[in-house]
Amino acid sequence: MVQRPKPEKFDKQARAYAVKREAAILIDWRRRLLEAAEGQVLELAVGAGANFPYYPPGVRVTAVDFSGGMLEQARRAAARCRLEAQFVCGDIEHMPALFPEQGFDTVISTLSLCAYEHPLAVLQQMRRWCRPTGRILLLEHGKSTNRMLSLLQKAADPLLYRMAGCHHTRDIAALVQEAGLRVEGMERCWLGMGSLIWARP
């Protein structure tokens, strides 16, 4: 079994992530998704803070990542965006009691479910951490709805995981349903590989 990459792998990539220019379509998806964020926000696997420019005014963000290098870049991004944020270095897969139940108005994951060993457990934690009236916002990539492309993803997945630290074959919609989230809106993108999801716990 391929082991999950260590935090040090992402520490080394942190500076490159911070200066990476994203495609305009990905920026648009982040903006559209995050305009629904409000109140106390929990963002998982925050990376270098790519979401920070797109948060609406007034939110208070708790940003989590298991890479100290990524969190340092995220702190700088928060300062540039004048975003009220606190930062937690930790691996949420192995720290289930990291936050109180129903402690957040919005829980967010963008492009991170691909990297966890147990993505279903992470989604279930997100559900527990979100208030009953709150919202869970996801921008994720996984198994394409195109059969031929999904077969190519399956064949390439072991190599891509070793290179980038993420799986390309996870069925995000099925995981969300299995986790018991109530989906209010879903859009597919990237030839059916990407999913934007607006959900309630």
Side-chain angles (χ1 to χ4, degrees), residues 22-47 49-56 58-65 92-93 95-151 153-154 157 166-201:
E22 290 191 316
I25 189 64
L26 187 55
I27 290 172
D28 181 61
W29 290 332
R30 289 188 192 274
R31 181 179 289 113
R32 289 177 50 221
L33 183 75
L34 295 171
E35 68 182 6
E38 60 184 11
Q40 295 282 355
V41 174
L42 174 63
E43 182 175 345
L44 307 182
V46 68
N51 286 330
F52 288 176
Y54 313 112
Y55 276 117
V59 299
R60 298 170 302 284
V61 178
T62 299
V64 187
D65 206 287
I92 63 167
E93 282 201 274
M95 302 172 71
L98 192 59
F99 301 109
E101 291 190 17
Q102 301 181 9
F104 297 91
D105 301 294
T106 313
V107 182
I108 293 169
S109 166
T110 59
L111 306 177
S112 72
L113 288 177
C114 58
Y116 297 117
E117 291 181 58
H118 306 288
L120 176 59
V122 171
L123 283 166
Q124 290 168 335
Q125 280 298 115
M126 294 173 72
R127 184 183 179 192
R128 282 192 284 271
W129 288 328
C130 189
R131 293 184 178 123
T133 57
R135 205 174 245 142
I136 295 171
L137 307 176
L138 306 171
L139 167 56
E140 301 294 345
H141 74 89
K143 180 181 177 182
S144 175
T145 53
N146 180 291
R147 184 173 180 275
M148 290 303 296
L149 184 52
S150 69
L151 290 174
Q153 287 177 293
K154 183 177 180 180
D157 189 65
C166 66
H167 290 286
H168 289 67
T169 54
R170 290 180 170 166
D171 189 333
I172 300 300
L175 285 167
V176 166
Q177 182 177 20
E178 190 175 354
L181 303 186
R182 180 163 54 89
V183 175
E184 293 187 322
M186 177 185 292
E187 296 182 17
R188 303 305 291 256
C189 48
W190 278 333
L191 299 175
M193 292 184 290
S195 300
L196 281 82
I197 298 173
W198 294 260
R200 300 280 185 181

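The residues of the chain are indexed from 1 along the displayed sequence.
Within the 4.5 Å cutoff, side-chain heavy atoms of Leu98 are placed close to those of Val64. For the pair Tyr54/Thr110, no side-chain contact is recorded, criterion being any heavy-atom separation below 4.5 Å from C-beta on. Here the side chains of Val176 and Leu138 are in contact, with some heavy-atom distance below 4.5 Å. Side-chain contact between Gln40 and Arg131: present, with at least one pair of heavy atoms (C-beta onward) separated by less than 4.5 Å.
Note that CD1 of Ile136 is 7.5 Å distant from CG of Leu123, once rounded to the nearest 0.5 Å. In this structure, CG on Leu196 lies 9.5 Å from CG on Leu137, to the nearest 0.5 angstrom. For the atom pair SG of Cys189 and CG of Leu139, the computed distance is 6.5 Å after rounding to the nearest 0.5 Å. Note that CE of Met148 and OG of Ser150 are 8.5 Å apart. Values are rounded to the nearest 0.5 Å.
For Arg188, the side-chain contact (heavy atoms from CB on, under 4.5 Å) criterion is met by Thr145, Ala173, Met186, Ser195, not counting sequence neighbours. Remark: Trp198 pairs with no residue by the ring-ring contact (aromatic ring centres under 6.0 Å, His included) rule, at least two apart or across chains. Glu101 is linked by a side chain to side chain donor-acceptor pair (under 3.5 Å) to nothing, counting only residues two or more places apart in sequence or in another chain. Listed by chain and residue number, Ser109 satisfy the side chain to side chain donor-acceptor pair (under 3.5 Å) test with Glu140 (two or more places apart in sequence, or in another chain). The ring-ring contact (aromatic ring centres under 6.0 Å, His included) check on Phe99 picks up Phe104, Trp129, with sequence neighbours excluded. Leu120 is linked by a side-chain contact (heavy atoms from CB on, under 4.5 Å) to Gln124, Leu175, Glu178, Ala179, counting only residues two or more places apart in sequence or in another chain.
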